[in-house]
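For reference, the structure discussed in these notes is given below.
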Amino acid sequence: MSDLEQRVAETIRSRKMILPGDRVAVALSGGKDSTALLMLLCRLLPAWDDVRLTAITIDEGILGYREDTIRSAERLVGKYGLDHIRISFADLFGGSLDEILKDRQSGACSVCGILRRKALIVAARRAGATRLATGHNLDDEAQSVLMNLLRGDLPRLVRDSSHNSSGQFIPRIKPLGLVSEKEIATYLMLQGAWVDLPECPYTLHALRREVRAMLSTLEYQYPGTMLHLMESKRKIEGYCGEETLAGPIRSCRECGEPCSGEICQFCQLRQSLGR
Ligand code: SF4
Ligand code: ZN
C-alpha cells in the first residue's frame with residue numbers, strides 16, 4: 001500500500017468515517033479529486049467489513065466541460081464494476097446550469113453548489129447510502145476555511161456534517177481532506193490515471209479562484225500554511241459545544257429537509273430563480 005493510501009486509510013479509521021455495514025455513495029464528477037477518491041476507496045474496500053460503494057455523478061449541464069469528465073467517470077466505474085447513478089440538473093430542476101445561469105454570470109458557483117448538494121442528496125438516497133463521500137482535498141478545505149473567515153461566516157466555519165447525531169441527514173465524509181492537490185496529482189500520475197480535463201468556465205467569476213491563488217502563493221512561500229489553517233479551524237471547533245458544531249437543525253418550511261434557518265438554501269434559490 002502506498003504512503004498516500006495508508007494516510008487516507010488512517011484518516012478514515014481515526015475519524016470513523018466508514019463503519020462496518022456502511023453503504024457509501026461516492027460523488028464522482030470524473031475530475032482529478034473524485035477519480036483519486038474512488039480509486040483509493042476501491043483499493044481500501046477489501047479491508048472493510050461489509051461495506052459497499054456506489055458511484056454517483058451529477059451532470060450540471062456545462063457545455064464544453066462536463067461531457068469529458070462524465071466520460072472519464074463512466075470509464076472508471078466500468079473498470080471497477082460499480083453501480084453508477086447519474087442525475088442531471090435538467091431532469092431534476094428542469095434546466096441545465098447553463099440555462100439556469102443565462103444572463104447571470106456572477107454567483108454561478110453559489111447556484112451550482114446549492115443545486116449540486118441537492119442533487120447529491122437525491123442520488124445518495126437512491127443509492128440507499130449511509131455515507132456520502134466527496135473528493136474535497138486539503139486545498140479545497142483550506143480555501144473554504146479562509147472564505148468563511150473572509151465572509152465572517154463563523155457558523156459555517158465550524159459546522160460539521162460528517163456525523164449525523166440528529167439522524168436527519170446522510171453524513172458527508174471527506175477522506176482526502178488532508179491530502180493536497182499536488183499529492184493527488186502525483187498519485188494519479190504514478191497510477192497511470194492522470195487525465196487532462198478542461199477547467200469549468202464559471203471558475204473565472206469565483207471568489208474561490210482568488211483565494212486559491214493567494215493560498216497557493218502563501219503555501220509556496222511558507223510551506224504548511226494550509227495545514228495550519230485546518231489546525232486553526234480544529235482549535236476553534238474545540239471551543240464550540242456539540243450543538244454549535246451540529247448547527248441548529250430545523251425542518252425547512254417549504255420542503256421539510258433539515259436546515260439551519262426557516263427555509264433551506266435550495267428553496268430560497270428556487271424562489272429567487274422563479275422555478
Ligand atoms: Fe459548479 Fe463553480 Fe464548480 Fe463550475 S466551478 S462546477 S460552476 S461549483
Ligand atoms: Zn427547502
Side-chain angles (χ1 to χ4, degrees), residues 27-35 37 56-73 86-90 92-125 132 134-137 139-141 143-144 147-148 151 156 161 166 168-170 172 174 176 181 184 195 197-213 215-216 247-275:
L28 178 69
S29 69
K32 297 176 187 68
D33 301 327
S34 63
T35 295
L37 174 66
I56 58 178
T57 298
I58 310 302
D59 180 1
E60 298 90 349
I62 304 172
L63 197 65
Y65 164 65
R66 226 49 193 91
E67 303 87 339
D68 285 357
T69 51
I70 286 175
R71 267 195 294 276
S72 180
R86 266 183 66 172
I87 290 187
S88 72
F89 277 16
L92 215 50
F93 310 123
S96 66
L97 186 68
D98 287 340
E99 287 163 349
I100 293 169
L101 293 175
K102 202 153 39 95
D103 307 324
R104 162 182 180 155
Q105 290 290 301
S106 66
C109 290
S110 307
V111 173
C112 178
I114 292 169
L115 296 181
R116 196 172 43 195
R117 269 196 295 281
K118 180 74 175 177
L120 283 172
I121 291 168
V122 172
R125 283 192 184 137
L132 171 56
T134 61
H136 292 88
N137 60 38
D139 298 54
D140 301 324
E141 292 296 276
Q143 288 157 20
S144 295
M147 284 165 71
N148 286 328
R151 290 177 177 138
R156 186 169 291 184
S161 53
S166 65
Q168 286 176 288
F169 58 88
I170 301 171
R172 294 170 68 110
K174 299 172 184 173
L176 304 183
E181 214 168 85
I184 289 173
V195 269
L197 295 167
E199 199 178 9
C200 173
Y202 294 112
T203 48
L204 284 174
H205 308 277
L207 165 66
R208 185 174 285 272
R209 190 184 177 92
E210 291 175 45
V211 169
R212 179 184 176 178
L215 265 180
S216 295
I249 305 284
R250 304 186 207 169
S251 294
C252 169
R253 204 175 63 200
E254 299 290 321
C255 68
E257 290 286 337
C259 68
S260 55
E262 288 260 301
I263 301 181
C264 73
Q265 280 188 315
F266 172 70
C267 288
Q268 285 176 31
L269 178 64
R270 194 169 51 178
Q271 285 171 5
S272 78
L273 294 172
R275 280 170 183 263

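We count ligands from 1, going down the list as the structure has it; atoms in each ligand are counted the same way. Here the structure is a predicted model, which is why all the values come from computation and not from measurement.
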Legend entry - Subset of ligand 1 atoms that lie under 4.0 Å from at least one heavy atom of Tyr202: 7 (S)
Inset, instruction - Could you list which atoms of ligand 1 come closer than 4.0 Å to a heavy atom of Cys200? - result: 4 (Fe), 5 (S), 6 (S), 7 (S)
Inset, instruction - Would you check if the side chain of Glu99 reaches a backbone N or O of Ser96 as a donor-acceptor pair within less than 3.5 Å? - result: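 The answer is yes, because a donor-acceptor pair under 3.5 Å joins these two groups.
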Inset, instruction - Report yes or no: does Cys267 have an N/O/S atom closer than 2.8 Å to the Zn ion (ligand 2)? - result: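 Looking at Cys267, which is the residue asked about, there is an N, O or S atom under 2.8 Å from the Zn ion (ligand 2).
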Inset, instruction - Would you mind checking which non-hydrogen protein atom is closest to atom 5 (S) of ligand 1, with the distance to 0.1 Å? - result: Thr203 CG2, 3.3 Å
Inset, instruction - Looking only at protein heavy atoms, identify the closest one to atom 1 (Fe) of ligand 1 and say how far it is in Å. - result: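 It is Cys112 SG, 2.3 Å.
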Legend entry - Electrostatic pair Arg212-Glu181, nearest N-O below 4.0 angstrom: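 Yes, charged N to carboxylate O under 4.0 Å.
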Inset, instruction - Report yes or no: do Tyr202 and Asp98 form a side-chain donor-acceptor pair below 3.5 Å? - result: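 Side-chain D/A pair, Tyr202 to Asp98: present.
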Legend entry - Side-chain H-bond candidate by donor/acceptor type, Ser34 with Ser29, under 3.5 Å: yes
Inset, instruction - Decide yes or no for Gln143 and Leu215: does some side-chain heavy atom of the first lie under 4.5 Å from some side-chain heavy atom of the second? - result: yes
Legend entry - Closest non-hydrogen atom pair, Pro198 against Asp68: CD-OD2, 3.9 Å
Inset, instruction - Using the Zn ion (ligand 2) as the apex, give the angle to atoms SG (Cys264) and SG (Cys252), rounded to 10 degrees. - result: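 Once rounded, the angle between the two atoms at the Zn ion (ligand 2) is 110°.
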Legend entry - ligand 1 versus Cys109: contacting region, heavy-atom distance under 4.0 Å: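 The part of Cys109 near ligand 1 is both the backbone and the side chain.
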